[in-house]
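Working notes, beginning with the structure itself.
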Amino acid sequence: MSRYKRTSMKKPVYLVDTTLREGEQTPGVSFTIEQKLDIARKLDELGVDMIEAGHPAVAPDVEKAVRLIVKEGLQAEIIGHSRATKYDIEKAAECEVDRIAIFYGVSDLHLRYKHKVSREEALQIIAEHVEFARSHGVKVRFTAEDASRTELDYLIQVVKTAHEAGADRISLADTVGILTPFRARDLFSKVKQAVPTVELDIHAHNDLGMAVANCLAAFEGGATGIHVTVNGLGERCGIASLQEVAVSLKVLYNIDTVDLKRIVEISKLVERYSGIVLPPHAPVVGDNAFTHKAGVHVAGVLSNPETYEPYPPELVGRTRDWVIDKYTGRKAVKARLERLGVYLTDEELDLVVMKIKERSEVRHWRDEDLLELVEEVTGRRVVLRPPEKIEALVWIKCESTIYTTSVARRVSAIPGVKEVMEITGEYDIVARVSARDQIQLNNIVETIRELRGVKETFTQIVLKKLETRTS
Ligand code: COA
Ligand code: ZN
């Protein structure tokens with residue numbers, strides 16, 4: 001199929017997304033074909049350069065998904081993964097991918113215990129299979145698996161062999177994530193120096209938490225392709241995440257790769273499809289990424305956000321916020337209250353802050369509770385703006401195959417959901433929802449109904465509410 005390919009433009013660095021191949025190797029993850037197509041389209045809209053769509057020889061549905069993704073006519077180059085076997089290569093070629101990526105473990109450990117061949121024999125196998133793939137008229141990438149544990153001189157021989165056989169790109173894989181940034185830069189610059197005409201990719205696993213740093217170091221050493229997955233999915237501890245690599249390239253090197261404003265959206269989509277939910281402190285997309293807490297930090301941010309932010313949240317289409325608990329300070333509380341239209345004298349503010357610090361059991365002062373505290377301290381009636389809201393209870397039944405807590409966690413992340421409880425009985429979860437009006441309530445309920453794992457919902461609108469005081 002002829003179509004414009006994003007890789008036809010010379011760029012300082014290309015992103016190779018492998019959410020659909022490496023990401024599906026995450027324990028517990030299996031995307032449907034429809035989900036794969038959706039992810040592929042969204043990745044293409046985001047602007048990734050290459051999409052590793054799957055390893056067609058693995059299973060019939062993987063092959064079908066690769067075929068269908070190819071038919072989409074995306075601007076990204078579509079890659080089929082393959083072992084160094086004629087069967088796998090033919091399977092990938094039949095899917096009409098733009099590029100076949102052939103991998104082969106090249107460390108002595110892999111040669112001895114997996115492939116049971118000598119170094120010389122491995123070079124022959126690599127050359128033969130790269131040539132075989134090229135004979136199908138596709139581009140070829142060769143992945144030197146376990147490159148980071150391969151003796152350098154032999155690794156250079158491997159790279160030369162695969163390149164001479166027709167692979168324009170060679171991926172050096174840090175298969176068990178043992179590189180450090182210094183070693184990654186050194187490795188890539190030495191290989192690039194030895195084989196200057198080859199384009200190098202880094203495939204960095206995150207077993208020691210250094211995947212993103214190693215990708216950036218490899219880029220500094222001469223890599224022009226960085227393998228990523230949305231949310232860092234992958235075998236064991238995963239690989240470098242798309243969002244972290246793309247934002248780092250922009251913030252630290254001023255290199256544009258993908259549409260950063262849409263990166264949260266695709267992260268949430270992949271959370272939903274994979275069932276793997278990120279922690280709140282996840283970089284870039286986590287709920288807390290731009291939420292400050294300590295009084296000193298909030299005071300700094302209110303004066304100039306750069307004091308405690310590496311980059312403005314707007315870069316990724318987000319906004320900053322701060323929370324109130326015993327770590328708070330006067331400036332944080334004052335600004336929070338002024339945002340609600342409440343102005344206090346210095347004495348009143350001191351009292352409110354003192355009371356907050358005394359109540360260390362409150363983990364998060366919500367605006368409503370803060371206003372109640374202000375009323376208590378000042379004896380004045382303060383009104384929440386906007387005063388009128390609709391409250392509702394949404395009762396949720398989950399699919400029996402899905403972990404209820406993962407659904408509850410996703411429900412709790414929806415704006416407007418105030419409280420989520422896992423319960424016994426006919427329904428599994430009940431959520432307390434607050435909305436401006438019926439339309440917004442309807443949108444919130446629809447969002448809940450669309451969540452993966454939600455089977456049925458039942459919504460009750462609250463008519464009257466009696467406040468009770470516990471002694
Ligand atoms: N090139 C060629 N052969 C390779 C290889 C490579 N890069 N890596 C491993 N192999 C061989 C092994 O030597 C072993 O061969 P053997 O059966 O002759 O001993 C075989 O592949 C792997 O063992 P096993 O999984 O038991 O073989 P299988 O024939 O039942 O299944 C797959 C092979 C590929 C279909 C199956 O393992 C699978 O679906 N894997 C998922 C994809 C995957 O493993 N990807 C790794 C990406 S890094
Ligand atoms: Zn991998």
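Whatever order the structure lists ligands and atoms in, that order sets their numbers, starting from 1.
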[X]: numbered ligand 1 atoms lying under 4.0 Å from its heavy atoms:
X	result
Y104	1 (N), 6 (C), 7 (N)
K114	13 (O)
F103	1 (N), 6 (C), 7 (N), 46 (C), 47 (C)

If you count heavy atoms of other groups shown closer than 6.0 angstrom to OH of Y427, is the number above 12?
yes
Take a 6.0 Å sphere around NZ of K455 and say whether it holds more than 12 heavy atoms from other residues, nucleotides or ligands.
no
I need the nearest protein heavy-atom contact for [atom]: residue, atom name and distance, please.
atom	result
atom 35 (C) of ligand 1	A57 O, 4.0 Å
atom 39 (O) of ligand 1	V58 CG1, 3.4 Å
atom 45 (N) of ligand 1	Q25 OE1, 3.9 Å
atom 5 (C) of ligand 1	H115 CE1, 3.5 Å
atom 20 (C) of ligand 1	R83 NH1, 3.6 Å

Check this for me, if you would: do [X] and [Y] make a salt bridge, where the nitrogen-to-carboxylate-oxygen distance has to be below 4.0 angstrom?
X	Y	value
K86	E128	yes
E45	K42	no
R67	E63	yes
D49	K5	no
D108	R149	no
D168	K139	no

Quick one: does ligand 1 sit under 4.0 Å from the side chain of E22, the backbone, both or neither, non-hydrogen atoms only?
neither
Heteroatom proximity flag, G105 to ligand 1, N/O under 3.5 Å
no
May I ask you to check if ligand 1 and E145 share an N or O to N or O distance below 3.5 Å?
no
Within-cutoff protein neighbour (heavy atom, under 4.0 Å) for [atom]:
atom	result
atom 8 (N) of ligand 1	yes
atom 1 (N) of ligand 1	yes
atom 30 (O) of ligand 1	no
atom 14 (C) of ligand 1	no
atom 33 (C) of ligand 1	yes

What's the count of protein N, O or S atoms under 2.8 Å from the Zn ion (ligand 2)?
3
Classify the angle between the aromatic ring planes of [X] and [Y] as parallel (below 30°), tilted (30 to 60°) or perpendicular (above 60°).
X	Y	answer
H227	H203	perpendicular
F103	H55	perpendicular
Y253	F219	perpendicular

Do R141 and I79 touch side chain to side chain, with heavy atoms closer than 4.5 Å?
yes
E450 and T447: side-chain donor and acceptor closer than 3.5 Å?
no
Determine, stepwise, if the pair E151 / R119 fulfils salt bridge (Lys or Arg N to Asp or Glu O under 4.0 Å).
CA-CA 11 Å; E151 195 207 350; R119 285 184 174 188; 2.9 Å; yes
Are Y308 and H292 an aromatic pair by the rule of ring centers under 6.0 Å?
no
Check if E235 has a non-hydrogen atom at a distance under 4.0 Å from any atom of ligand 1.
no
At the 4.0 Å heavy-atom cut-off, does K116 count as touching ligand 1?
no
